[in-house]
Amino acid sequence: MDYLTILQILDSALRLATPLLLTCLAGLFSERAGVVDIGLEGKLLAAAFLAGAAAAVTGSIWIGLLAGVLGSLAFSMLHGLASITFQGDQLISGVALNFLAAGLTVVIGQSWFKLGGRTPSLSGDGRFSEWNLPFSDAMAKIPVVGPAYDELISGHTALTYLAFLAVPLSWWVLYRSRFGLRLRAVGENPGAVDTAGISVVRLRYSALVIAGVLCGLAGTYLASLAAGFVKDMSAGRGYIALAALIFAKWRPWYALWATLLFGLLEAIGNRYQSIALGDFVIPVQFMQALPYILTVIILAGFVGKAIPPRASGQSYVKER
Amino acid sequence: MSVQNETGRQATVAPTASAPAIELRGISKAFGPVQANKDISISVAKGSIHGIIGENGAGKSTLMSILYGFYKADAGEILINGKEVEITDSQEAIAAGIGMVFQHFKLVENFTVLENVILGAEDGKLLKPSLAKARKLLKQLSDEYELSVDPDALIEDLSVGHQQRVEILKALYRQADILILDEPTGVLTPAEADHLFRILEGLRDQGKTIILITHKLREIMEITDTVSVMRRGEMTATVKTKDTSPEELAELMVGRKVLLRVDKTPAKPGKPVIEVENLEVIDEQGVKRLKGIDLMVRQGEILGICGVAGNGQTELLEVLGGYMEGTGTIRMNGEEIDLTGKYSDGQSRRARGISHVPEDRHDEGLILEFQAWENMIFGYHHDPKYQKNALLMDNAGIKAMTQVSMDKFDVRPPNPKLEAKSFSGGNQQKIVLAREIERNPDLLLVGQPTRGVDIGAIEFIHQQIVALRDEGKAILLVSVELDEILSLSDRIVVMFDGRIMGERLPSETNEGELGLMMAGITDEEKAQ
């Protein structure tokens, strides 16, 4: 394995980690506010479909982005309505949204485009273009550092850069701002927030707005990456992001490393379809299942003790 | 404004020109068919400590929740400093200068003290300046009022007493002039409670108005200037504390004469029932919680064990009750019992004639979601007399038995099909007591029998324990309430740090002496 191969795998890991990271941060905001968000998957799918459809019809991925974000936001608000306003069970509401997204996208896609649930392929301005950072061609000639800059750092789409910028930004908002303090408090003890005279409901909705937008970005990214929407294209990434969130112990920087790990596993699975160990050949299915296997391991609690925000999953009812 | 302690008291006695800090006029509030507050009027003078006393469910907390904007009153008006205000949410209550210390603290456990203090009262969108300001103010307040806490400590690492100080600091940070404390001493040790009272007196002397909600008569007598009594949603009286007595207040609370002292004849001890020698217990963290306990309880006597919570009393009860293992020797009616292994569980203990009323009735005494009749047989459910046949239990028979027990122990409402959680604390405790006493045990272990229990029910529970003693049973009583220990026990043993500090007869000791022993101070140290 040469240097360039490693760089290519890492580069691909970054691409694959981008939607996971955005989704994971979406989950982080809503769960830190005490709203369990198992509906990430559904939001991702809805956003991918609307982005794919809008970009195909208008020819602009930016309009697709707007549609994707709005769609995801609508799903997020539906989740809020059920679980915050009407104090329903957050898990059930989330699962319902996942089913809704899985069904609606295909049904609407079929009746709209008649392509068996797909949206037409995107090309040109229908996809995000890659940003070649300044001097990347020139620097590519410098040994070691050059290729790294050219292959790894440069040449991603705007959303990838945005996703990685979102990490320090999220950290700063959560730990350095008034909004962040209140958000974290409402996920730990909504009673404390309420008695301090702050609206629990408004805070939780704000968190869901952020989650909706971030999921919208992630879904649009998926549609752009695959040049269109395909049935079930989120492929469990919403759940993987949830696993990464637990792995990350609900912290932004840890979320970055966790999603990068998942991205890396996916990249390795894609690159090495089969590895021969002596006479035994590891089947391609195993390699591609790596991220999912890691998900199962994490969710089964093999990775240390992760304490969720104390009030997550509980709707807030004022006590007498 | 700095007023002397004496004048602070007088301020409430003599009519003053200034308007009262709080005046409520005709407050009513109903929850469905339940009238929680009925036409309540009350006036609290500035710079005074005003007690509100009443049994659980008398409507004290509802009234305070209305004052703090949690509920909207159906009728009535609220005046703060003579001005009518409309309080529809907590923000408005805070703006009106009201601070509230809830019974169950409203703190974020994994936040620091500073973060909790500024939450909701931040100065701007960024935390840094608010935190710096709070740090300065906290230091100032802690010097002024003995309210010292480490501003950077996490709440979950603080003792309950310190957590309560954080709640007070939160209110003071929001510049509250009126401080409402809801059952503040329920979770405190006697020393912590004394400290709290000193803080409250300091605040009162600085001109703050304090409302203390409690069901403990002693606290009312000790610290308040005036006291209002509530019963079944109504304000039955408001009197100056110095003009009243605990007996009068108890009668106003319950609506009938209540015996505050336990009426009992001298004990007639028989032969030893349980003998404990050199009992040691090491907990899961490897800490030695009991360090060689020797004690003995005879037939027909009550041995009271007092001490500040956490000095090994809980472990003692748990080893005797069979859900913690230990080393040493315990003889029950002369026969040694297993402290480890298969026969050291609760079932084996019950078979030996040991019944147990655990300290925490919610966690260990009852299953709150289960109905009274189901709770009435826990631990004894395998008894053949409850089985209809090899497969089914005799539910009808159990319900009938429960009905009889409920009538005998005056559980209200006497409905076996009600879930345990819908009974008041006192009635829950009566259910546990009925279950354990009806077994006719040789030894009854009782932990905190009247914690969170109404005054009327306390009287009844005490009578039941004494009656059991008079039947010639042995009783081991653990309580953090010194009053209770002194009035119920025939002998008193003081525990400190997993050891027994000494034994006293109730007639030959007093709270002062016991208090010192509870703090671990021995006779020799005292002499120095």
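Because the structure is predicted, anything quoted here is derived from the model rather than measured. Proteins come first, then strands; the chains are lettered A, B, ... in the order of their sequence lines, and each starts at number 1.
- Interface with chain A: from residues 125-134 of chain B, residues B:Lys125, B:Leu126, B:Leu127 qualify, criterion being any non-hydrogen pair under 4.5 Å.
- In the displayed structure, B:Gln103 atom CD is contacted under 6.0 Å by more than 12 heavy atoms of other residues, nucleotides or ligands.
- Proximity to chain A is limited to the backbone of B:Phe105, based on heavy atoms less than 4.5 angstrom apart.
- Of the atoms belonging to B:Ile94, it is side-chain heavy atoms, and not backbone ones, that fall under 4.5 Å from chain A.
- When heavy atoms are compared at a cutoff of 4.5 Å, A:Arg176 approaches chain B solely by way of its backbone atoms N, CA, C and O.
- Contact check for A:Asn189 versus B:Glu109: no side-chain heavy atoms found under the 4.5 Å cut-off.
- Of the two parts of B:Asn110, the backbone and the side chain both hold a non-hydrogen atom closer than 4.5 Å to a non-hydrogen atom of chain A.
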I'd like to know whether A:Leu181 forms a side-chain contact (heavy atoms from CB on, under 4.5 Å) with B:Glu122, so could you lay out the CA-CA distance, the side-chain angles of the two residues, the decisive distance to 0.1 Å, and finally the verdict.
CA-CA 10 Å; A:Leu181 182 79; B:Glu122 306 90 344; 3.7 Å; yes
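- Annotation: A:Phe99, atom CZ; neighbour count of heavy atoms from other residues, nucleotides and ligands within 6.0 Å does not exceed 12.
- Residue A:Phe164 places its CZ atom among more than 12 non-hydrogen atoms of other residues, nucleotides or ligands, all under 6.0 Å distant.
- Atom CZ of A:Arg184 and atom CG of B:Leu119 lie 9.5 Å apart (nearest 0.5 Å).
- Other residues, nucleotides and ligands contribute at most 12 non-hydrogen atoms within 6.0 Å of the CD atom of B:Glu86.
- Scanning residues 191-204 of chain A against chain B with a 4.5 Å heavy-atom cutoff picks out A:Gly191, A:Ala192, A:Val193, A:Asp194, A:Thr195, A:Ala196, A:Gly197, A:Ile198, ordered by number.
- Taking A:Ala185, A:Gly180, A:Ala311, A:Pro190 one by one and counting their heavy-atom pairs under 4.5 Å with chain B, the maximum is reached by A:Ala185.
- At a 4.5 Å heavy-atom cutoff, the contact between A:Arg310 and chain B is made by side-chain atoms alone.
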